[in-house]
Structures are given as C-alpha cells and as structure tokens.
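What's counted below: heavy atoms across the whole structure, side chains too, no hydrogens, waters or symmetry copies. None of these values were measured; they are calculated from a predicted model.
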Amino acid sequence: VPPARRHRVPTATRLPPRTFHSYLPRSHRTYSCVHCRAHLARHEELISKSFQGSHGRAYLFNSVVNVGCGPAEQRLLLTGLHSVADIFCESCKTTLGWKYEQAFESSQKYKEGKFIIEMSHMVKENGWD
C-alpha cells in the first residue's frame, strides 16, 4: 500500500513571514503602515500634525523606521521650493510621503532631514485610549 500523499501548497503561493527591520517597543504609542502594519514611528518623534501631503493631511516626524528613500528631486510645495525624496514602506512598498532633503528658504530649514507621512497610510497602535 503506497503512503498517503500530502497536499503541498505550491512555493509561489506561500508568502514569506513579514519581518521588519525595526520593531518599536510595545510600551510606546506608535504609528504603523495601514497596509501591512510595519512600524513607522514613535509618537515621541511627531513634530507637527499640520502638514499637507500630496493626497491629504500629513504628519511631520523627526525620524521614522522601516522606510526606503527614492531619489531626491526639486518640488514646489505650498511652502516654497524644496528638494524632497519619496519614502516608501520597506515591507509592502507603498509610497507613504517624503523626506525633506533641502529647503531653499531660510524659514523652512527646520524641515531638512525630517519626514512627512500621509495620514491615509498610517494607523495608530499601542495604547491610544
């Protein structure tokens, strides 16, 4: 009698487990990618909630994790000319916002090295009650 054959899922349909480069401590309020739940930023890194992204409201962060950066390009934004690079989720590759590389007006220099993430791409996690 031949041994029973097991049904195997084809390799192409098996997804690798999601792993992120950085996990933020569960004891902190965090923002995560709404599409794949990769951690993006701690609430303590939030600078401002009063920003405008390409597709709606956005938050400005001092630092973020689990994002990749595209090439920098000059864009004329609401506050003047800036050199920005789009940022995307390292896990699901969704474009989330941008990084300010350079501000050309002195009043905007504080944004250099900071990150915009659009609200539509974020979810709040860990103790926001």
With sequence neighbours left out, what residues match S63 under side chain to side chain contact (heavy atoms under 4.5 Å, CB included)? E45

Please test E112 against H82 for side chain to side chain contact (heavy atoms under 4.5 Å, CB included), starting from the C-alpha separation and ending with a verdict. CA-CA 9 Å; E112 291 181 349; H82 295 79; over 6 Å; no

Students should find that the hydrophobic cluster of I47, defined by side-chain heavy atoms under 4.5 Å apart, otherwise consists of F51, L60, L77, V84, W98, Y100, Y110, I116

Nearest atoms (heavy-atom pairs only) where A41 meets V64: CB-CG1, 4.3 Å

Under a 4.0 Å threshold between the charged nitrogen and the carboxylate oxygen, would R29 count as salt-bridged to E125? no

Partner set under ring-ring contact (aromatic ring centres under 6.0 Å, His included) for F61, not counting sequence neighbours: Y31

Test: salt bridge (charged side-chain N to carboxylate O under 4.0 Å, His left out). Region: residues 94-105. Which pairs qualify, not counting sequence neighbours? none

I need the H39 NE2 to S32 OG distance, nearest 0.5 Å. 4.5 Å

Any chance you could lay out the side chain to side chain contact (heavy atoms under 4.5 Å, CB included) test for H35 and T94, step after step, and finish with the verdict? CA-CA 8 Å; H35 310 286; T94 300; 3.6 Å; yes

Mind checking what makes side-chain hydrogen bond (donor to acceptor under 3.5 Å, both in side chains) contact with Q74, not counting sequence neighbours? none

In the hydrophobic clustering that connects Ile, Leu, Val, Met, Phe, Trp and Tyr at side-chain heavy-atom distances below 4.5 Å, which members other than F104 occupy its cluster, ordered by chain and number? L76, L81

Does anything in residues 59-78 pair up under salt bridge (charged side-chain N to carboxylate O under 4.0 Å, His left out), and if so which pairs, sequence neighbours excluded? E73-R75, R75-D86

Is any side-chain heavy atom of C92 closer than 4.5 Å to a side-chain heavy atom of C33? yes

Taking F88 as the starting point, is it possible to reach V67 by hopping between hydrophobic residues whose side chains are less than 4.5 Å apart? no

L78 versus Q52: any side-chain heavy-atom pair under 4.5 Å? yes

Partner residues of E118 under the salt bridge (charged side-chain N to carboxylate O under 4.0 Å, His left out) criterion, sequence neighbours left out: none

Pair T30, K124: side-chain N/O donor-acceptor within cut-off below 3.5 Å: no

Donor-acceptor check, side chain of N66 to backbone of L40, threshold 3.5 angstrom: yes or no? no

Hits for salt bridge (charged side-chain N to carboxylate O under 4.0 Å, His left out) against R57, two or more places apart or cross-chain, chain-then-number order -> none

Please check if the side chain of S48 supplies one atom and the backbone of S50 the other of a donor-acceptor pair under 3.5 Å. yes

Closest heavy-atom pair, G53 versus A58, reported as atoms and distance to 0.1 Å, is N-CB, 3.8 Å

Given side chains that start at C-beta, do those of I87 and I117 come closer than 4.5 Å, heavy atoms only? yes

What's the spacing between M119 CE and K49 NZ if we round to 0.5 Å? 8.0 Å

